Protein chains: 2
Amino acid sequence: MKPAESCCGPGSDGPDERPIEGAAADDELAALAKALGHPARVAILRLLGRKNACICGDIVAELPLAQSTVSQHLKVLKDAGLIRGDIDGPRVCYCLEPRALRRLKALVGGL
Amino acid sequence: MKPAESCCGPGSDGPDERPIEGAAADDELAALAKALGHPARVAILRLLGRKNACICGDIVAELPLAQSTVSQHLKVLKDAGLIRGDIDGPRVCYCLEPRALRRLKALVGGL
DNA sequence: TTGCTATATCGTAAAAGTACGATGAAGCCG
DNA sequence: CGGCTTCATCGTACTTTTACGATATAGCAA
């Protein structure tokens, strides 16, 4: 079976090179944390993590929010770099951006 | 020398027992991340981490913000449980709450 | 006591976040 | 082509955040 690769190619790999401390790291961590700072967005990340494949607007069906609101939350996550959205015909397929997630964990771990 | 224990007794220790997933964990992670979601607050946490001892309103001197604004940020961090403030005569001595920090790392790690 | 220092809180203003319905854009199907 | 689905964006209202100066509170010192 071909579960995940139907959309969302492999995320960029390799180690993160940027520093884990300093003013730039502070801003970076704050931006990532801000994106995480809403329960709906945490729920979306968890949802995308459960299906290792990437799902689309089924997210709307899983959350008690209007479609436009979910779209806004997805935009916040995408602007923060935490997820990626690939167009798949009439739908959009979202998936985690593992690199950003690793970066977040490294920054939080540096606290 | 007696660097750290001048104020801020040892934080509670022992493992965290709460679940790392589910709606409650989502809310908890979102609340912690929201508190982290501002560069000034990240800077404050880093400041408190560098001095393993806890410092007081020297934080105000280190940040390009008014005293009242720093006090607000400290309140956000304290309400989130990430720091603790012990009264030390006329000053207040803030320090990290290692337990909350561990909890944050565990929750982020669970993503 | 009065005064001084350190911190919190109040009041306010501007900016950002949250949520919704309505509308628009883009792609598929018949 | 027209109509349908999927999603983003717009416009709007409300709430929250951020920041500041001004004021209150609490402890120390003289």
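By convention in this document, chain letters (A, B, ...) are assigned in the order of the sequence lines, proteins followed by strands, and residues within each chain are numbered from 1. Keep in mind the model is a prediction, meaning the values are calculated, not measured.
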Taking side-chain contact (heavy atoms from CB on, under 4.5 Å) as the definition, give me every residue that meets it alongside A:Arg91, ordered by chain and number, with sequence neighbours left out. A:Cys56
Sorted by chain and residue number, the side-chain contact (heavy atoms from CB on, under 4.5 Å) partners of A:Thr69 (sequence neighbours excluded) come out as A:Leu65, A:Ala66, A:His73
Going by the rule salt bridge (Lys or Arg N to Asp or Glu O under 4.0 Å), which residues pair with A:Lys75 if we only count those two or more places apart in sequence or in a different chain? A:Asp79
Atom [atom1] of [X] to atom [atom2] of [N]: distance rounded to whole Å?
X       : N      : atom1 : atom2 : answer
B:Leu63 : D:dC20 : CG    : P     : 11 Å
B:Ile44 : D:dT18 : CD1   : P     : 11 Å
A:Asp86 : C:dG27 : CG    : P     : 15 Å
B:Ile59 : C:dT7  : CD1   : C1'   : 11 Å
A:Asp79 : C:dA16 : CG    : P     : 14 Å
B:Leu65 : D:dG21 : CG    : C1'   : 14 Å

Qualifying salt bridge (Lys or Arg N to Asp or Glu O under 4.0 Å) pairs with a residue from residues 57-68 of chain B, counting only residues at least two apart or across chains: none
Under 4.0 Å between a side-chain N or O of A:His73 and OP1 or OP2 of C:dG17? no
Between D:dA19 and B:Thr69, is there an OP1 or OP2 to side-chain N/O distance shorter than 4.0 Å? no
For side-chain contact (heavy atoms from CB on, under 4.5 Å), just list the numbers for B:Ile83 and B:Leu74, CA-CA rounded to whole Å, side-chain angles, deciding distance to a tenth of an Å, and then say yes or no. CA-CA 8 Å; B:Ile83 66 175; B:Leu74 288 167; 3.8 Å; yes
Below 3.5 Å between N/O atoms, which protein atoms pair up with nucleotides 24-30 of chain D? Just atom names and distances, please.
none

With A:Ile44 as reference, evaluate A:Ile59, A:Val76, A:Leu96, A:Leu82 under the side chain to side chain contact (heavy atoms under 4.5 Å, CB included) test and give the passing residue. A:Ile59
Judged by nearest nucleotide, the residue sitting upstream toward the 5' end of DNA chain C, A:Gly37 or B:Lys75, is B:Lys75
So which of residues 25-33 of chain A are in contact with DNA chain C, with a heavy-atom cut-off of under 4.0 Å? none
About how many Å separate CG of B:Leu104 and CD of B:Glu97, when rounded to the nearest 0.5 Å? 13.0 Å
CG-SG distance between A:Asp86 and A:Cys95, expressed to the nearest 0.5 angstrom: 6.0 Å
Between A:Leu77 and A:Leu48, does a side-chain contact (heavy atoms from CB on, under 4.5 Å) hold up when you go through it step by step? CA-CA 12 Å; A:Leu77 289 171; A:Leu48 293 177; 5.9 Å; no
Which one, C:dA8, D:dG21, D:dT6, comes nearest to the side chain of B:Ala66? D:dG21
Quick check for you: among C:dT7, D:dC20, D:dA8, whose closest atom lies nearest to any side-chain atom of A:Leu74? D:dA8
Under the side chain to side chain donor-acceptor pair (under 3.5 Å) test, residues paired with A:His38 that sit two or more places apart: none
A:Lys105: side chain to side chain donor-acceptor pair (under 3.5 Å) partners, not counting sequence neighbours: none
Does any donor-acceptor pair link the side chain of B:Gln67 with the base of C:dA8 at a separation under 3.5 Å? yes
Atom pairs, protein N/O to nucleotides 10-17 of chain D N/O, distance under 3.5 Å:
unit_1	atom_1	unit_2	atom_2	d
D:dT17	OP1	B:Lys34	NZ	3.2

Atom pairs and distances, donor-acceptor, side-chain atoms in residues 20-32 of chain A, under 3.5 Å, two or more places apart:
unit_1	atom_1	unit_2	atom_2	d
A:Asp26	OD1	B:Arg46	NH1	2.2
A:Glu28	OE1	A:Arg103	NE	3.3
A:Glu28	OE1	A:Arg103	NH2	2.7
A:Glu28	OE2	A:Arg18	NH2	3.0
A:Glu28	OE2	A:Arg103	NE	2.8

